[in-house]
Amino acid sequence: MKTILIFLFIAPLAISARAEKDYSSLDPAAPPETKSRFAMLDDVQILANGLLQLGHGLKDFVHKTKGQMNDIFQKLNIFDKSFYELSLQTSEIKEEEEQLRQTTARLQINNEEIKNLSQEMNSKIEYLIQNKIQLQEKVWGLEDKVTKLAVIQPAMQETNEISSLKAFVEQQDSHIKQLLKIVEDQHAQLDRQHNQIMELEDKLNHIELQEITENSFIVDQTEPEVIPFPVHNSTAAMYKFDGAAPDCTALYNSGIRSSGIYTIKPNGSEAFDVYCETKFGSSWTVIQNRVDGSLDFNQTWDNYEHGFGDLNEEFWLGLNKTYSITKQGDYILRIELQDWKDNKRYIEYAFSLGSPETGYTLQLSRISGNIPNALPEQTELRFSTADRDTDIANNFNCPENYLGGWWHSECEETNLNGKYVTPRSRGRLERRKGLYWKPKKGRYYLLKSTKIMIHPTDLKSFD
């Protein structure tokens, strides 16, 4: 740009010099021709220098433009390659989904066939049972006759008839037992088919969720401010129990039937506040609640031991408080999950929680649920945080690399205290850091909300 301005400044000077030359040629009193010639050479030289600078400026501009165009072409090539790879991944997911749909359809057809066969078997069993009853009545009648004829010495023909009838009845009994065993096998097969269908439906739901979110980019979220525990919402209702209620179930049995914040005092422990949730004809003590990601769960060991958060919103009750409750007897651990399509699942365990000296060791044994298990059973799991990794057998610090304190045994398993992320995940590494449920064999279930509750094992009925 500067070169062009110089050229525009020099050009009028050259034109002016040329005009002066023409004017001097017409003037008789003008100086000699030699002086004008030198003036013209100077003007031409100035003009040549200006044109040379303009040429260099244009050359630099052309080189710079070429460099910018090369950068643009490289970026376009990278974009095309990334788009092609994403298209391939989408195609693979769609193919896998179609295979799962076909498998589910075949299993459903087999399920219907087995049901029909089971109904036929039940009908035959009913028919055989009726025949058995009739035959038993005949046998009893014949036995009465035998008793009456014992005194008179029964005829050989009647004795043979009784023996044949007894043999026939025994044969029918054996046949009925065989049929009952076949029916039991069919029922067991039906149960297995039903479980397989449930697992496939869960996989299909997860694949549909992934198809929506696989090619999106996550928006970085700012870390929410930690709320000291306990801090309660001023609008929330607070309840006090007159007496030493050891847990929420005791409060319910005393007549308090509403969900809310109450004060309990386990045996041998100080009193503290908990959130009690009423359901299934009893009250459960909630030890963890996550609903919207408003609370950062990447906390220190001390915070996880004593608790953090707001009992009306997101919170972690605290390992020490939970241990003071569960050491009073046998308890059930219930985990309720909700994914980003608002599908709800649950799973329940019989469990034991160790003392602080054991690192709050957790042992689980699955009782029931409608989602595949994702936590190790019959294994001692020690609680770990980023600043205190108690898993000495694993050199990879799971809480530090995957965020949030948890009972880790392998770094790729379930973490219900992980970072709260939306479904717009940037890939496998980001998903591992998130709030998810990961069965040993299966995909990641990215979760929208979680709730962990405990209840004594004397619960009469529950979902």
Side-chain angles (χ1 to χ4, degrees), residues 1-97 207-224 293 298 340 400-403 419-434 444 446:
M1 187 66 184
K2 292 181 179 179
T3 307
I4 294 173
L5 291 175
I6 293 171
F7 174 76
L8 292 176
F9 176 76
I10 295 172
L13 296 177
I15 294 171
S16 177
R18 181 65 179 177
E20 288 179 1
K21 175 188 175 183
D22 295 337
Y23 178 78
S24 62
S25 62
L26 297 174
D27 189 0
E33 186 179 357
T34 305
K35 183 177 181 180
S36 298
R37 185 178 301 169
F38 285 126
M40 287 178 61
L41 290 174
D42 292 338
D43 293 339
V44 170
Q45 202 171 34
I46 292 171
L47 180 61
N49 289 332
L51 290 174
L52 182 61
Q53 292 179 3
L54 177 61
H56 285 303
L58 290 174
K59 183 178 179 181
D60 294 338
F61 177 75
V62 169
H63 283 301
K64 183 177 180 181
T65 304
K66 284 183 178 180
Q68 291 176 348
M69 291 181 66
N70 289 333
D71 292 340
I72 292 172
F73 283 130
Q74 290 178 358
K75 291 179 180 178
L76 286 174
N77 290 333
I78 294 172
F79 176 79
D80 290 339
K81 185 178 179 181
S82 301
F83 182 79
Y84 177 72
E85 291 176 353
L86 289 174
S87 300
L88 292 178
Q89 293 177 0
T90 303
S91 300
E92 292 175 358
I93 292 173
K94 287 184 178 179
E95 291 176 0
E96 186 176 354
E97 178 186 2
I207 288 175
E208 289 174 359
L209 177 63
Q210 270 200 332
E211 284 183 357
I212 297 173
T213 62
E214 185 69 28
N215 298 330
S216 301
F217 294 96
I218 189 168
V219 178
D220 292 335
Q221 301 176 348
T222 57
E223 298 295 338
N298 190 23
W340 284 90
E400 180 178 344
N401 289 276
Y402 293 96
L403 307 181
K419 182 180 179 181
Y420 193 93
V421 296
T422 62
R424 297 170 294 175
S425 175
R426 285 183 294 187
R428 181 178 177 84
L429 181 62
E430 186 69 25
R431 286 200 301 271
R432 289 181 185 173
K433 292 184 179 180
Y444 288 81
L446 190 62

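Quick caveat: nothing in here was measured; it's all calculated off a predicted structure.
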Asks: Atom CD1 in Ile46, atom CG in Leu51: separation rounded to 0.5 Å?
Replies: 12.0 Å
Asks: Does atom CD of Gln45 have more than 12 heavy-atom neighbours, drawn from other residues, nucleotides or ligands, at distances under 6.0 Å?
Replies: no
Asks: Can you tell me how far CZ of Phe73 sits from CG of Asp80, rounded to the nearest 0.5 angstrom?
Replies: 11.5 Å
Asks: Quick one: pull up CD1 in Ile78 and NZ in Lys75 and give me the separation to the nearest 0.5 Å.
Replies: 8.5 Å
Asks: Take Lys81 and Asn77, measure what side chain to side chain contact (heavy atoms under 4.5 Å, CB included) needs, and give me the verdict at the end.
Replies: CA-CA 6 Å; Lys81 185 178 179 181; Asn77 290 333; over 6 Å; no
Asks: Would you give the length of the straight line joining atom CG of Asp60 to atom OG1 of Thr65, rounded to the nearest 0.5 angstrom?
Replies: 10.5 Å
Asks: Apply side chain to side chain contact (heavy atoms under 4.5 Å, CB included) to Asp43 and Leu47, showing your working.
Replies: CA-CA 6 Å; Asp43 293 339; Leu47 180 61; over 6 Å; no
Asks: Can you tell me how far NE2 of His56 sits from CD of Gln53, rounded to the nearest 0.5 angstrom?
Replies: 8.0 Å
